[in-house]
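Bear in mind the structure is a predicted one, so any value in this text is a computation, not a measurement. Sequence lines set the chain letters: A, B, ... in the order given, protein chains first and strands last, and positions in each chain run from 1.
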Amino acid sequence: MELNELERIRCEKIQQMRDSGFEPYPTRTEVTSTTADAIKAFENAEKAGNPETLTAVLGGRLRAVRLMGKLAFAHIEDGSGRIQLFFRVNELGEAEMQRFKDHFDLGDFIQAGGDLVRTRTGEVSLLVRNFKMLAKAITPLPAAKDEVVDGQVVRHATLSDPETRYRQRYADLAVNQEVRQIFRTRAAVVRALRQFLDSRGFLEVETPILQPIYGGAAAKPFVTHHNQLKQDLYLRISFELYLKRLTVGGFDRVYEIGRDFRNEGVSYKHNPEFTQLEFYWAYADYLKVMEMTEEMIAYVCDSVFGTRKLTYDGVELDFNPPWQRVNLRQSLIEKANIDISLYPTAEALEEMMVSLGMKVKPGEARGKLIAQLLEEFVEPTLVQPTFMVDYPRDISPLAKNLPGDPSTVERFEGFVCGMELCNAFTELNDPLEQEKRFLEMGRDYKAGDEEQHPMDEDYLKAMSYGMPPQGGFGMGIDRLVMLLTDQKNIREVLLFPPLRERDDQ
RNA sequence: GGGCGCGUAGCUCAAUGGCAGAGCAGCGGCCUUUUAAGCCGUUGGUUGAGGGUUCGAUCCCCUCCGCGCUCACCA
């Protein structure tokens with residue numbers, strides 16, 4: 001570890017501490033409560049009229065120190081919050097005051113015992129009678145000072161360089177409490193989703209991440225290799241095919257929350273690994289799933305924020321059911337003045353799009369062209385929570401046809417702020433039809449190259465035993481958290497976003 | 001992968017071809033109710049790396065590394 005000047009000074013302090021008999025990294029602590037509990041206890045004691053008897057031993061990280069000669073103020077921070085420490089020569093004596101000044105720096109974890117009091121300015125504080133180092137910090141935390149002006153917290157010179165924040169997330173978290181809050185919220189969101197699904201009789205399961213055949217979505221997989229099996233394996237790109245196998249096995253309602261991996265580009269809303277929620281609900285269809293989606297998101301809003309109206313990028317979003325529903329074909333008529341039913345073939349649609357000056361990949365499937373139109377004309381306009389309903393069959397090989405319309409499937413996607421949040425459909429459960437669809441998608445019975453999705457014969461086998469009719473659902477948790485925490489980049493809701501390894505020496 | 005931009009002290013930022021600076025942090029003092037504490041003094045730099053132009057480069061040019069935004073890719 002290469003040390004800069006500040007770090008060398010702190011290492012010398014470690015040596016000084018040891019020389020004078022103080023352990024900089026003791027094994028035990030004597031902490032009796034969190035800072036928040038101590039403050040709460042003091043306030044309760046005040047109400048009861050006997051605050052002068054309250055003592056505590058508190059632990060935390062030194063975040064601010066104000067030395068004032070014969071006294072000193074400091075703030076320590078733990079997972080529950082902050083409290084002010086009040087050091088005074090009256091209680092401690094000259095030698096202990098000096099020891100505090102000599103050995104302790106911002107960023108150190110310390111323990112302090114004493115009496116809870118209110119200082120002259122009214123802040124609940126610990127009047128320190130004894131203190132010890134819990135863990136000496138060598139590297140100074142990035143300087144961050146908060147000033148309260150008219151009730152607003154003004155931040156001075158905080159760690160803000162995104163590269164450093166992501167590479168050293170520990171420092172980012174240690175210094176930027178609003179970053180910590182995002183991940184607390186994220187945990188609360190996931191917890192609420194589990195509560196909601198559990199309460200509706202869904203069984204949480206875990207399916208393989210390493211898979212011999214990937215599927216359930218259109219994406220390039222990551223490939224890995226199992227040495228003993230002498231077999232290449234793929235990191236899953238979705239949970240879908242395994243979860244639906246479970247409905248064959250008799251689990252009528254299953255869900256999984258976990259990581260998907262897609263070997264594709266990174267953007268503000270894409271990360272190569274991301275957290276997905278999928279559930280499958282036997283005897284339901286996409287209409288029921290739509291309603292459940294609305295209720296589920298509302299439940300998350302209620303239990304995490306206590307409100308269903310949240311601001312994203314300055315816009316108030318209303319997550320109260322029901323969401324707006326727009327028919328895919330109708331939305332294109334309204335937003336782009338294009339009726340796709342007038343262009344029944346890919347060729348006709350392509351020709352029309354080219355005539356509009358759009359860049360079109362020649363020979364693209366009709367469904368893909370429609371998806372392109374949606375992205376261009378419709379999706380950016382879907383700001384309030386909206387379901388887009390009824391998708392082209394040829395981009396939805398696992399979804400069931402709309403009755404009486406062989407070119408359209410029962411599928412919806414949920415959009416908020418122009419971003420796709422979830423994707424769901426009435427699941428195709430006809431094994432012969434499913435096989436046909438796979439073949440239409442150009443799949444071979446043999447595993448081909450990475451680009452080609454191999455036929456999953458075992459999935460067809462499962463379906464051939466009889467698969468209950470069901471609605472299925474998938475949602476990107478990272479995106480949901482982005483929306484709920486007003487973050488514009490997916491990295492802000494990932495603890496350790498991927499960054500290229502640095503090549504410097 | 002393409003385009004645009006950025007990289008200067010531990011952190012946040014100045015400096016534009018002419019001695020590389022400030023605030024905070026640090027270090028040394030003063031200070032018994034502070035909270036961005038204050039006051040006096042002071043240390044700290046391979047200006048991302050390498051090459052080029054120039055009497056002289058943080059600044060101009062080239063290459064590389066990293067990051068950001070954006071476009072493309074993305075059933």
Tell me whether [X] is salt-bridged to [Y], with the criterion being a basic N under 4.0 Å from an acidic carboxylate O.
X: Arg167(A); Y: Glu163(A); result: yes
X: Arg61(A); Y: Glu77(A); result: no
X: Arg393(A); Y: Glu433(A); result: yes
X: Lys136(A); Y: Asp105(A); result: yes
X: Arg245(A); Y: Asp456(A); result: yes

Return the pairing partner of [N] with a 3.5 Å limit on both distances, Watson-Crick or G-U wobble; otherwise return none.
N: rU43(B); value: none
N: rC4(B); value: rG68(B)
N: rU34(B); value: none
N: rA75(B); value: none
N: rG21(B); value: rC13(B)
N: rU63(B); value: rA49(B)

Check this one for me: any side-chain N or O of Arg167(A) less than 4.0 Å away from OP1 or OP2 of rC67(B)?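 For rC67(B), OP1/OP2 do have a side-chain N/O of Arg167(A) under 4.0 Å.
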Whole-Å [atom1] distance, [N] and [M]:
N: rA14(B); M: rC6(B); atom1: P; result: 11 Å
N: rG17(B); M: rU12(B); atom1: P; result: 26 Å
N: rC67(B); M: rG41(B); atom1: P; result: 43 Å
N: rU33(B); M: rG26(B); atom1: C1'; result: 26 Å
N: rU43(B); M: rA22(B); atom1: P; result: 10 Å
N: rA15(B); M: rG45(B); atom1: C1'; result: 14 Å
N: rC11(B); M: rU54(B); atom1: P; result: 36 Å
N: rG3(B); M: rG21(B); atom1: P; result: 37 Å

In whole angstrom, give the distance that lies between atom [atom1] of [X] and atom [atom2] of [N].
X: Asp108(A); N: rG10(B); atom1: CG; atom2: C1'; answer: 15 Å
X: Ile83(A); N: rU34(B); atom1: CD1; atom2: P; answer: 18 Å
X: Asp102(A); N: rG26(B); atom1: CG; atom2: C1'; answer: 14 Å
X: Asp105(A); N: rC27(B); atom1: CG; atom2: C1'; answer: 11 Å
X: Lys101(A); N: rG28(B); atom1: NZ; atom2: P; answer: 11 Å
X: Arg165(A); N: rG10(B); atom1: CZ; atom2: C1'; answer: 18 Å
X: Tyr166(A); N: rC69(B); atom1: OH; atom2: C1'; answer: 12 Å
X: Asn4(A); N: rU8(B); atom1: CG; atom2: P; answer: 15 Å

Hey, does [X] reach any base, or is it just sugar-phosphate, or nothing, if we go heavy atoms under 4.0 Å?
X: Thr119(A); result: base
X: Asp394(A); result: nothing
X: Ile9(A); result: sugar-phosphate
X: Tyr391(A); result: nothing
X: Leu398(A); result: nothing

Please determine, for the side chain of [X], which listed nucleotide ([options]) has the closest atom?
X: Lys13(A); options: rG26(B), rU32(B), rU34(B); value: rG26(B)
X: Glu5(A); options: rG44(B), rU32(B), rC27(B); value: rG44(B)
X: Leu6(A); options: rU12(B), rU33(B), rG26(B); value: rG26(B)
X: Arg500(A); options: rA75(B), rG66(B), rU32(B); value: rG66(B)
X: Ala218(A); options: rU32(B), rA75(B), rC11(B); value: rA75(B)

Measure from NZ or CZ of Arg99(A) to the centre of the six-membered ring of Phe131(A) and say whether it is under 6.0 Å with the direction within 45° of the ring axis.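 Yes, a cation-pi geometry holds between Arg99(A) and Phe131(A).
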Could you check whether Lys13(A) makes a cation-pi contact with Phe104(A), meaning its NZ or CZ is under 6.0 Å from the centre of the six-membered ring and within 45° of the ring axis?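 Relative to the ring axis of Phe104(A), which defines the angle, Lys13(A) lies outside at least one limit.
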Is a donor-acceptor contact shorter than 3.5 angstrom present between the side chain of [X] and the base of [N]?
X: Glu123(A); N: rU34(B); result: no
X: Ser160(A); N: rU12(B); result: no
X: Arg66(A); N: rU34(B); result: yes
X: Asn90(A); N: rU32(B); result: yes

Specify the residue among Asn489(A) and Arg411(A) whose closest nucleotide of RNA chain B lies further upstream toward the 5′ end.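 Closer to the 5' end of RNA chain B: Asn489(A).
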Nearest heavy atom decides the nucleotide; on that basis, is Pro162(A) or Arg120(A) closer to the 5' end of RNA chain B?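 Its nucleotide being nearer the 5' end, the pick is Arg120(A).
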Would you say Gln168(A) and Asp172(A) are linked by a side-chain donor-acceptor pair, where the criterion is simply a distance under 3.5 Å?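 Absent: no donor and acceptor within the cut-off.
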